[in-house]
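Heads up, the thing below is written out as structure tokens.
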Amino acid sequence: MRPPTPTRIPHRLSPESRIPVPWARAASLTALCAVLLLVAVSVGWAPLLSVDRSIATALHGSARADPGFTQVNRVLSDWVWDPWTMRALVVSAVVVLLRRGESLAALWVAAASLLGSAVQQALKALVGRPRPVWADPVDSAHYAAFPSGHAMTAAVTCGLLLWLLARAGTGTGPRRTAALLAVVSVLGVGFTRLYLGLHWFSDVLAGWLLGACLVTVAAGSYERLAAHRGPWNPEGNVRP
């Protein structure tokens with residue numbers, strides 16, 4: 001019996017279409033929210049700064065009162081959810097994609113991760129927002145505060161990995177588990193940065209929004225390109 005003839009995924013988007021609508025809407029919404037937040041921080045909008053100070057003061061007081069829990073947050077922030085840990089996950093995903101012959105997807109994921117790092121560093125330099133200053137700090141960090149690099153890197157990494165799992169047709173159970181771990185990681189790293197007194201809440205929120213925006217742009221643009229290009233499917237099946 002002859003093996004099935006390799007098939008290319010058919011064109012699923014009209015020639016005039018751009019990024020698929022759901023991705024485009026998500027990207028537009030997150031980008032708009034991120035821009036509004038950037039403007040509010042840049043002009044020193046009083047209500048936002050008041051919320052930032054209130055949250056920072058409350059959490060710093062808690063961190064000073066509970067050294068044990070503070071140390072747990074330092075381990076989570078500096079090791080478990082550190083940006084370099086997140087980048088290592090991206091590298092692992094890229095290696096897997098290359099071994100599966102999905103060079104375009106590997107390139108896309110690597111480029112999205114690198115772009116996220118570049119965007120966060122550019123915004124830090126552009127905005128130049130000081131980090132919270134305490135007379136009795138429990139931790140320290142370098143560079144400017146806005147946006148949170150930890151929060152943005154976690155959002156980009158987890159978002160990209162979830163997208164890859166969906167593309168691979170992973171079962172519902174593993175995908176739900178991965179989604180739960182991703183939510184815990186993204187929210188958790190944001191909390192650790194606030195609890196350790198290293199960021200304002202709006203820094204963390206900006207990192208989440210920018211990360212989500214980057215993921216939706218990367219995923220949506222890839223889906224459009226793949227639909228036009230007809231990614232190779234060696235098993236002869238049309239992917240959903």
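All residue numbers refer to positions in the sequence shown, counting from 1. Computation of the quantities below employed the complete heavy-atom set of this structure, encompassing side-chain atoms and omitting hydrogens, waters and symmetry-equivalent molecules.
- Between Arg25 and Leu29 the shortest side-chain heavy-atom distance does not fall below 4.5 Å.
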Practice item. Apply the test side-chain contact (heavy atoms from CB on, under 4.5 Å) to residues Val51 and Trp45: give CA-CA distance (whole Å), side-chain angles for both, the deciding distance (0.1 Å), then the verdict. Key: CA-CA 10 Å; Val51 171; Trp45 190 45; over 6 Å; no
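- A donor-acceptor distance shorter than 3.5 angstrom exists from the side chain of Thr157 to the backbone of Thr153, with no hydrogens or angles considered.
- The two residues Ala151 and Ser148 make their nearest non-hydrogen contact at N-OG, 3.1 Å.
- Side-chain atoms of Lys124 never come within 3.5 Å of backbone atoms of Phe146 as a donor-acceptor pair (strictly under, hydrogens ignored).
- Hydrophobic clustering (ILVMFWY, side-chain heavy atoms < 4.5 Å, transitive): Val133 and Leu49 are in distinct clusters.
- In this structure a side-chain-to-backbone donor-acceptor pair under 3.5 Å is present from Arg131 to His142.
- Side chain of Thr30 to main chain of Ala27: a donor-acceptor pair is present (N/O by atom type, distance under 3.5 Å, no hydrogens or angles).
- Nearest heavy atom pair, residue Arg64 against residue Pro137, reads NH1-O, 3.9 Å.
- Judged by distance alone, the side chain of Ser92 and the main-chain N or O of Ala88 form a donor-acceptor pair under 3.5 Å.
- Residue Leu196 holds its CG atom at 11.5 Å from CH2 of Trp134, rounded to the nearest 0.5 Å.
- Side-chain contact of Arg87 with Ser113: a donor-acceptor pair under 3.5 Å is absent, judged by distance alone.
- Atom CG in Leu107 sits 12.5 Å away from atom CD in Glu102 (nearest 0.5 Å).
- In terms of hydrophobic clustering, with Ile, Leu, Val, Met, Phe, Trp and Tyr side chains grouped at heavy-atom distances under 4.5 Å, Leu89 and Leu180 are assigned to a common cluster.
- Atoms OG1 and CZ, on Thr177 and Arg175 in that order, are 11.5 Å from each other to the nearest 0.5 Å.
- Across every non-hydrogen atom of His60 and Asp136, the tightest pair is NE2-OD1, 3.0 Å.
- Under 3.5 Å, the side chains of Thr216 and Trp23 contain no donor-acceptor pair of N or O atoms.
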**Study point:** Intermediate values then yes/no, side-chain contact (heavy atoms from CB on, under 4.5 Å), Leu48 and Leu37
**Key:** CA-CA 9 Å; Leu48 177 63; Leu37 187 57; 3.8 Å; yes
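- Using a 4.5 Å heavy-atom cutoff, the side chains of Val204 and His150 are not in contact.
- Of the N and O atoms on the side chains of Trp108 and Ser221, at least one donor lies less than 3.5 Å from an acceptor on the other residue.
- Separation of atoms OG (Ser103) and CG (Leu97) is listed at 9.5 Å; rounding is to 0.5 Å.
- Proximity of Val127 to Val41: side-chain heavy atoms (C-beta onward) are separated by under 4.5 Å at one or more points.
- Tracing side-chain contacts under 4.5 Å through hydrophobic residues (I, L, V, M, F, W, Y), one never reaches Trp84 starting from Val94; they form parts of separate clusters.
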Exercise for review: Take Asp82 and Val189 through the test side-chain contact (heavy atoms from CB on, under 4.5 Å) and record every step on the way to the result.
Suggested key: CA-CA 8 Å; Asp82 181 76; Val189 73; over 6 Å; no
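- Here the closest heavy-atom approach between residue Ala182 and residue Leu162 is recorded as CB-CD1, 3.7 Å.
- Side-chain contact between Phe191 and Leu187 is absent, with no heavy-atom pair separated by less than 4.5 Å.
- Here the CZ-CH2 distance, from Arg74 to Trp79, works out to 11.5 Å after rounding to the nearest 0.5 Å.
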Check your understanding: Could you walk me through whether Leu165 and Leu161 pass the side-chain contact (heavy atoms from CB on, under 4.5 Å) check?
Key -> CA-CA 6 Å; Leu165 287 176; Leu161 293 180; 5.7 Å; no
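- Between Arg129 and Asp52 there is a salt bridge, with a side-chain nitrogen of the basic residue lying less than 4.0 Å from a carboxylate oxygen of the acidic one.
- Side chain of Tyr195 to main chain of Ser62: a donor-acceptor pair is present (N/O by atom type, distance under 3.5 Å, no hydrogens or angles).
- Criterion: ILVMFWY side-chain heavy atoms under 4.5 Å apart, direct or through other members. Under it, Val215 and Leu115 are part of a common hydrophobic cluster.
- Residue Trp81 is not grouped with residue Leu181 when hydrophobic side chains (ILVMFWY) are merged at heavy-atom distances under 4.5 angstrom, including chains of intermediate members.
- In plain terms, the two heavy atoms of Ala31 and Cys213 that are nearest each other are CB-SG, 3.7 Å.
- Using a 4.5 Å heavy-atom cutoff, the side chains of Pro147 and Asp203 are not in contact.
- For the pair Thr70 and Ala63, the tightest heavy-atom approach, listed with the atom from each and the gap, is OG1-O, 2.7 Å.
- Within the 3.5 Å criterion, the main-chain N or O of Ala145 finds a donor-acceptor partner in the side chain of His199.
- A side-chain N or O of Trp163 and one of Glu223 form a donor-acceptor pair less than 3.5 Å apart.
- Remark: Leu160 CG to Met86 CE distance equals 12.0 Å, nearest 0.5 Å.
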